[in-house]
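In what follows, chains carry the letters A, B, and so on, assigned in the order in which the sequence lines appear, proteins first and then strands, with residues in each chain numbered from 1. Values below: every heavy atom of this structure, side chains too, minus hydrogens, waters and symmetry copies. Note that this is a predicted model, so its numbers are computed, not measured.
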Amino acid sequence: MRTTVASRSSSSAFMRFCRDYGWAYLFILAPVLLFLVFTLYPVISALIMSFQHYNPMNTTWIGLNNYKTLFQDDVFWKSMRNTVIFTIGTVPVNIVITFVLSYFIFQMKNSWQTLFKATLYLPTVASGVTLSIVWIAIYDPTSTGLINRFLGLFGIDPVIWLGQSSTALFSLMLMNWLGSHGAGIILYLAAMGGIPKSLYEAADIDHASGWTKFARITWPLLKPTTLYLLVTGVITSFQVFISVYLMTHGGPNFATTTIAYLIYDTAFKFYDFGLASAQSFVLAIMIIIVSVIQFKFLSSDVEY
Amino acid sequence: MARVEFRNVRKEFHDQQKGTFTAVEGSDFVINDKEFVVFVGPSGCGKTTSLRMIAGLEHQSSGDIIIGDRVVNNLHPKDRDIAMVFQDYALYPHMTIRENLSFGLRNLKKPKAYIEQKVQEAASILDLESMLERKPRELSGGQRQRVAVGRAIVRDPQVFLFDEPLSNLDAKLRIQMRVELAELHKRLGATIVYVTHDQVEAMTLGERIVVMNKGAIQQIASPTELYAKPRNMFVAGFIGSPAMNFMDAELDGNRVLVNGTVLELPESMLSSSLADYDKKKVILGIRPEDIYGEDFVQNVKVEGKMTTSVQVVEHLGSENLVYFQVGERSVTAKVHPETKAYVGLEKTFILDLGKVHFFDPETEMRISD
């Protein structure tokens with residue numbers, strides 16, 4: 001008898017819960033399912049795959065062998081070096097360029113601000129493929145290429161920008177410097193607009209020079225935005241792929257092979273999905289470590 | 001410390017779409033050395049613009065501004081030897097309180113020992129000593145306000161400018177800070193120009209008050225004089241809480257006719273100026289505290305009686321506000337809490353006719369005694 005009463009009471013509580021929160025959980029279910037199927041499941045599968053010699057017909061467990069192979073592979077270390085150089089060479093430069101552009105745009109009237117924001121945001125919404133094709137034309141190794149034509153005005157011979165080891169990676173970095181500031185500018189402009197005008201007025205009364213106002217007020221108060229751009233910039237740079245794939249195919253002589261491109265090569269050229277998964281996990285761990293370090297060392301004096 | 005003078009100062013703002021807007025119109029005044037002067041008026045009256053022009057944060061369209069014995073028209077804010085406390089305090093959020101206080105002195109490249117001494121002095125005056133290593137976000141509104149004042153004090157400026165510094169505080173803290181600011185003025189003996197829209201703040205703090213409306217100065221006087229002899233209906237209505245009551249009236253010799261009620265004026269009221277309005281329409285002004293319920297009259301020498309129906313009663317504890325209608329105008333009486341009053345009661349009110357004011361209905365200027 002008691003059991004029946006207890007089971008009736010728990011069933012009515014469940015019904016009440018469904019009535020009160022059922023719709024809410026139903027709506028949450030859709031994104032949760034998408035996350036489970038398309039994010040969590042592939043990540044866990046890739047983690048398992050990184051310990052396997054993957055073959056659709058005959059997959060074998062090989063423990064840490066993929067990781068051992070990876071760390072003994074010269075191309076992996078070269079791609080790591082290229083990725084780090086690309087990141088160090090693009091992220092800080094991009095932040096400086098973005099900041100300087102934002103600073104000047106912020107001084108302009110509203111209509112000019114809108115024009116520059118829209119113009120500089122265009123490369124962000126344009127397809128990476130389109131941009132790469134445009135830059136292939138700019139880097140054309142013959143004398144008809146835009147840069148070579150410009151250099152020709154000064155009597156300089158055409159340079160094979162993307163076809164020689166000494167200039168290929170730099171060429172990809174230059175393309176990155178000149179085309180990816182739109183989102184950063186929007187964020188910096190919003191942050192600059194959020195600094196109360198009264199702080200600058202108080203500084204004016206407090207004998208602050210233009211430089212003091214910049215160094216002691218503007219820059220420190222933009223640190224959260226800078227930190228955000230730094231972290232997301234590093235993550236994006238570590239994953240650079242489209243421009244490498246379309247413009248250099250990682251060459252010449254692996255001079256532009258980045259980790260993301262190496263993962264693609266390993267998985268879809270050599271069909272070694274186990275090794276590619278191991279490379280992916282090393283990349284993910286690197287990104288986590290670098291992000292944690294950035295937060296630890298840069299966010300200590302950030303005023304949110 | 002120094003005096004501040006405005007000579008026919010005018011400020012216009014230009015907007016391509018809205019056209020030209022005059023924020024301050026031909027402003028002329030002198031603030032004496034060590035004086036505490038309060039600018040008061042409704043939003044958009046030009047009081048903050050006037051203060052910002054003294055600071056050099058806005059440049060006047062015409063006229064001269066003098067601080068001490070220097071015309072400062074073309075001087076940068078830093079060269080005017082002023083300090084300002086902003087409405088939002090304008091504390092640097094990423095700096096500690098010590099850094100906030102010392103910012104100005106460090107920019108002036110003062111010796112470290114001197115800076116430390118000044119910071120300690122200011123912190124001691126304002127009771128901030130235990131908070132010097134904290135950041136502004138860790139402080140309460142009142143403490144932040146004190147830091148903003150401290151930042152002004154350390155510089156020993158000729159003139160202190162306060163832009164509605166208490167407007168972000170709750171009512172209790174505002175009263176406390178008001179007292180502290182008054183004490184600070186006594187202690188520093190500084191020239192202070194203070195802007196507020198709160199007439200109670202103006203009356204309690206100011207040695208003299210500049211009442212502004214629509215960019216023009218309406219009256220400059222001591223709090224007592226403003227209350228007793230307002231220059232026009234705007235000042236009369238702005239100073240005092242609840243505001244002065246206005247009633248349409250007509251003069252006839254020593255009698256005044258208000259909505260069918262005849263009031264006999266005392267001899268002392270019949271000035272030559274008022275005589276010019278004989279048989280003419282005037283506006284009669286009387287403060288709510290000068291109207292009594294018939295059952296609770298105190299020290300009224302010349303009484304005028306008016307019987308009307310009570311519309312609303314507000315019980316404030318120490319007093320009651322009783323609202324009734326005279327013609328088309330609503331009238332408020334601030335009466336003793338034991339005065340019998342309830343909605344619908346037909347009640348006789350006593351007007352202290354020795355304290356009424358008369359205004360010209362067209363110019364709205366006070367008809368002087």
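Of the residues considered (B:A55, B:A90, B:G56, B:A148), B:A90 shows the highest number of contacts with chain A, using heavy-atom pairs under 4.5 Å. When the candidates B:Q87, B:R106, B:M84 are compared by the number of heavy-atom contacts under 4.5 Å with chain A, B:R106 comes out ahead.
The backbone N or O of B:E58 sits nowhere less than 3.5 Å from a side-chain atom of B:R52 that would complete a donor-acceptor pair.
Of the atoms belonging to B:L57, it is side-chain heavy atoms, and not backbone ones, that fall under 4.5 Å from chain A. For B:R80, no part lies under 4.5 angstrom from a heavy atom of chain A. Contacts between B:L91 and chain A at a heavy-atom distance below 4.5 Å involve the backbone alone (N, CA, C, O). Interface residue B:F86: only side-chain heavy atoms are found under 4.5 Å from chain A.
A donor atom on one side chain and an acceptor atom on the other are not found under 3.5 Å apart for A:S198 and B:Y89. For the residue pair B:S61 / B:E12, no side-chain donor-acceptor distance below 3.5 Å is found, with atom types taken as modelled.
Other residues, nucleotides and ligands place no more than 12 heavy atoms under 6.0 Å from the CG atom of B:D69.
Inter-residue side-chain proximity for A:L230 and A:V91 is flagged as met; some heavy-atom pair is nearer than 4.5 Å.
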